[in-house]
Amino acid sequence: MSHNLFSQIQSQITDLDAPFMRTAEGRAINYGELFALSGRYANVLRNKGVVIGDRVAAQVEKSPEAIVLYLACLRVGAAFLPLNTAYTPAELEYFIGDAAPHIFICDPAKYAELSPLCEKLGVASLITLGAKQDGTLPELAMQVADTYSTAAVEASDLAAMLYTSGTTGRSKGAMLTHSNLSSNARTLVEYWQFSKEDVLLHALPIFHTHGLFVATNVILFAGASMIFLPKFSVEAIRKELPNATTLMGVPTFYTRLVKEPWLNRENTNHIRLFISGSAPLLAETHRQWTSRTGHHILERYGMTETNMITSNPYDGERVPGSVGFPLPGVSVRITNLETGEVLPANEVGMIEVKGPNVFKGYWRMPDKTRAEFRDDGYFITGDLGIVDDRNYVSIVGRNKDLVITGGYNVYPKEIETEIDGLEGVTESAVIGLPHADFGEAVTAVVVLEAGASVTEDMVLQALDCRLAKYKLPKRVVFDSDLPRNTMGKVLRADLRNKYGNLYK
Ligand code: AMP
């Protein structure tokens with residue numbers, strides 16, 4: 001069997017007329033067309049001098065052609081490097097300089113601005129791709145053949161490179177191999193019971209592991225299809241939900257949808273599976289969703305470097321606030337933060353993971369790579385978690401978000417769960433802020449429901465009998481919402497900056 005991810009996908013598809021994708025505007029693409037188009041794009045890349053092992057960087061809007069481009073890179077044996085569409089030219093300079101791609105593909109509207117940058121950084125060619133089949137790449141593709149002999153690669157060759165969000169220091173290029181991606185996609189198809197009959201409502205960005213690998217690779221490996229929305233909107237979901245069988249979302253999708261009066265059992269009856277990941281799903285949202293629709297959202301956990309690590313079960317109990325079991329073939333352990341010693345069940349520590357899903361290392365950062373792996377091959381995720389007696393994993397937060405106050409460790413999630421449970425509270429984020437006495441002071445930023453009149457004293461009194469004294473927030477501040485990135489992650493660094501002077 002070929003190791004090339006594309007060849008593996010292709011060999012699974014027996015019916016080339018089967019639908020692969022439909023856009024919101026009604027454009028339909030079947031598997032035969034997808035493969036033929038990927039052949040054309042692969043020929044364009046090869047004609048531009050792309051060879052096995054090159055990086056192909058792209059900052060393009062979400063479109064069917066962007067997926068075709070990803071497949072074309074696989075066929076050529078190049079690593080696909082998608083970049084967040086929000087990055088400015090100044091930010092792109094770092095990524096292009098670091099990754100040294102042979103070719104850069106950008107939106108036609110950005111060509112003039114990015115052309116001098118690519119020249120300065122030695123990128124051999126710059127071509128364009130817009131969201132409406134426009135740009136030089138689709139034009140060139142019509143002038144070449146639609147057949148391409150897919151490159152033979154090693155299982156350990158790079159299929160893609162994704163930059164981490166870089167919340168601690170510089171963003172790092174995670175090197176993902178053909179076998180990292182194929183093993184995870186196969187595991188997820190089976191674990192979540194995807195079949196040809198499935199229609200996924202796809203409203204995620206495709207420059208991130210969630211929308212590109214979890215969603216798209218699962219559909220490709222199952223021979224299923226998707227409704228491809230340019231982005232999430234409550235209205236678009238409402239319109240397309242009747243045509244779908246599954247939805248994959250970040251928690252924000254669910255917190256927004258659950259507020260909609262139209263959401264009920266009748267109009268979600270036909271849905272097989274709602275999946276959430278990329279950021280913590282509030283247990284409260286999980287419960288509200290169940291009471292409104294009868295469905296238990298399946299929460300899973302993963303990261304750019306590791307693909308998916310754990311998932312709640314398809315058939316068993318989906319526990320609110322837990323990310324479920326290690327996936328088949330994936331080993332998870334919890335270790336002591338200082339000593340690295342493996343901890344027993346029910347103790348909080350560092351989540352470490354090992355398996356075919358775990359990436360090859362950080363691009364051109366051998367020291368950083370060495371520092372994040374144990375000698376026995378486990379990757380240190382940076383997430384703190386706990387495994388219970390039944391083997392359910394729960395995430396307590398990122399290691400760097402741990403608050404150390406007067407020498408005591410405080411895990412934000414524990415305090416947030418208590419606050420979120422209070423009447424009138426929508427959500428909260430607990431952060432550590434510089435404090436002369438304590439080093440860091442536990443501080444809660446709370447978002448209230450419209451019209452609620454909760455005060456700082458009320459929050460503190462409610463927590464007083466439920467938490468040890470050292471865990472109690474020194475201050476509770478109220479804000480209109482929590483800053484989040486596109487994947488729904490709370491930007492705690494922004495909150496630390498905003499409230500940094502609270503105790504000065
Ligand atoms: P990224 O590399 O952007 O996918 O971010 C990975 C990080 O997102 C993980 O290390 C976790 O901190 C967080 N994450 C992903 N899924 C979940 C989840 N279900 N619950 C809590 N945090 C999550």
Side-chain angles (χ1 to χ4, degrees), residues 82-84 86 160-169 171-176 180-181 184 188 192 204-215 217 248-255 274-286 296-313 318-327 330 332 334 348 350-353 357-359 362 372 379-387 392-402 411-414 416-417 420 427 429 482 484-493:
L83 291 159
N84 192 322
M161 201 157 105
L162 253 56
Y163 276 86
T164 59
S165 40
T167 41
T168 44
S171 190
K172 304 179 284 287
M175 299 191 285
L176 295 155
N180 290 153
L181 300 181
N184 212 235
L188 295 177
W192 295 338
L204 295 158
I206 52 168
F207 49 74
H208 185 267
T209 186
H210 195 166
L212 185 61
F213 301 140
V214 186
N217 282 350
M248 287 187 195
V250 295
T252 323
F253 287 18
Y254 295 102
T255 50
F274 288 105
I275 303 177
S276 175
S278 287
L281 179 76
L282 294 176
E284 183 54 22
T285 310
H286 183 124
H296 288 275
I297 298 173
L298 181 151
E299 186 174 7
R300 92 314 178 263
Y301 155 62
M303 58 196 301
T304 302
E305 291 94 325
T306 61
N307 296 286
M308 296 307 101
I309 304 171
T310 70
S311 169
N312 271 279
R318 299 178 193 161
V319 178
S322 160
V323 291
F325 305 124
L327 286 165
V330 178
V332 169
I334 307 289
V348 173
M350 176 64 72
I351 300 179
E352 298 186 6
V353 56
N357 53 312
V358 177
F359 75 138
Y362 293 113
E372 309 276 322
F379 173 66
I380 306 166
T381 62
D383 290 314
L384 302 177
I386 188 163
V387 180
Y392 279 91
V393 178
S394 296
I395 297 175
V396 177
R398 294 288 292 165
N399 189 21
K400 64 178 167 39
D401 297 327
L402 178 77
Y411 302 104
K413 177 88 179 285
E414 185 186 358
E416 288 161 7
T417 307
D420 295 347
E427 59 176 349
L482 298 178
R484 283 195 153 82
N485 71 8
T486 39
M487 299 313 293
K489 294 184 213 294
V490 174
L491 300 169
R492 288 169 194 270

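Atoms within each ligand, like the ligands themselves, are counted from 1 in listed order.
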Just distances here: any N/O of Arg398 and N/O of ligand 1 closer than 3.5 Å? yes
Parallel, tilted or perpendicular: ring planes of Tyr392 versus Phe325, cut at 30 and 60 degrees: tilted
Taking Glu372 first and then Lys172, would you say they form a salt bridge - that is, a charged N and a carboxylate O separated by under 4.0 Å? no
How long is the gap from OG1 on Thr209 to CD on Glu305, to the nearest 0.5 Å? 9.5 Å
Atom indices of ligand 1, in the order listed, that fall short of 4.0 Å to a heavy atom of Ile395: 20 (N), 21 (C), 22 (N)
Atoms of ligand 1 less than 4.0 Å from Val323 heavy atoms? 18 (C), 19 (N), 20 (N)
Check: Glu305 N/O within less than 3.5 Å of ligand 1 N/O: no
Value for NZ (Lys400) from CG (Leu384), rounded to nearest 0.5 Å, stands at 10.5 Å
Heavy atom under 4.0 Å from ligand 1: found in Ala279's side chain, backbone, both, or neither? backbone
Quick one: nearest non-hydrogen protein atom to atom 16 (N) of ligand 1, plus distance? Ser278 N, 3.2 Å
Would you kindly specify which portion of Thr304 sits under 4.0 Å from ligand 1, judged on non-hydrogen atoms: side chain, backbone, both or neither? both
Can you tell me which residue among Leu188, Thr310, Val353, Asn307 is in a side-chain contact (heavy atoms from CB on, under 4.5 Å) with Leu327? Leu188
Does Arg300 reach ligand 1 with a nitrogen or oxygen that is under 3.5 Å from one of the ligand's nitrogen or oxygen atoms? yes
Side-chain contact, heavy-atom cut-off 4.5 Å: Arg318 with Phe274? no
Can you tell me the protein heavy atom closest to atom 3 (O) of ligand 1 and the distance? His208 NE2, 2.9 Å
Starting from atom 6 (C) of ligand 1, what is the nearest protein heavy atom, named by residue and atom, and what distance separates them? Met303 CB, 3.3 Å
Look only at the side chain of Thr164 and the backbone of Ser171, and say whether a donor-acceptor pair between them is shorter than 3.5 Å. no
Side chain or backbone of Pro280 under 4.0 Å from ligand 1, or both, or neither, by non-hydrogen atoms? both
May I ask you to identify, for Met487, whether its side chain, its backbone, both or neither come under 4.0 Å of ligand 1 on a heavy-atom basis? neither
Just to confirm my output: which protein heavy-atom neighbour is closest to atom 12 (O) of ligand 1, and how far is it? Asp383 OD1, 2.6 Å
Over 60° means perpendicular and under 30° means parallel, so classify the ring planes of His286 and His296, tilted if in between. tilted
On a heavy-atom basis, the closest approach of Arg484 and Val490 is NH2-CG2, 3.6 Å
Using a strict cut-off of 4.0 Å, indicate which atoms of ligand 1 neighbour a heavy atom of Glu299. 18 (C), 19 (N), 20 (N)
Polar-atom distance check: Thr209 versus ligand 1, any N or O pair below 3.5 Å? no
Any idea which protein heavy atom is nearest atom 8 (O) of ligand 1, and the distance to it? Lys489 NZ, 2.9 Å
What is the ring orientation for Tyr362 with Phe359, classed by angle as parallel under 30°, tilted 30 to 60°, or perpendicular over 60°? perpendicular
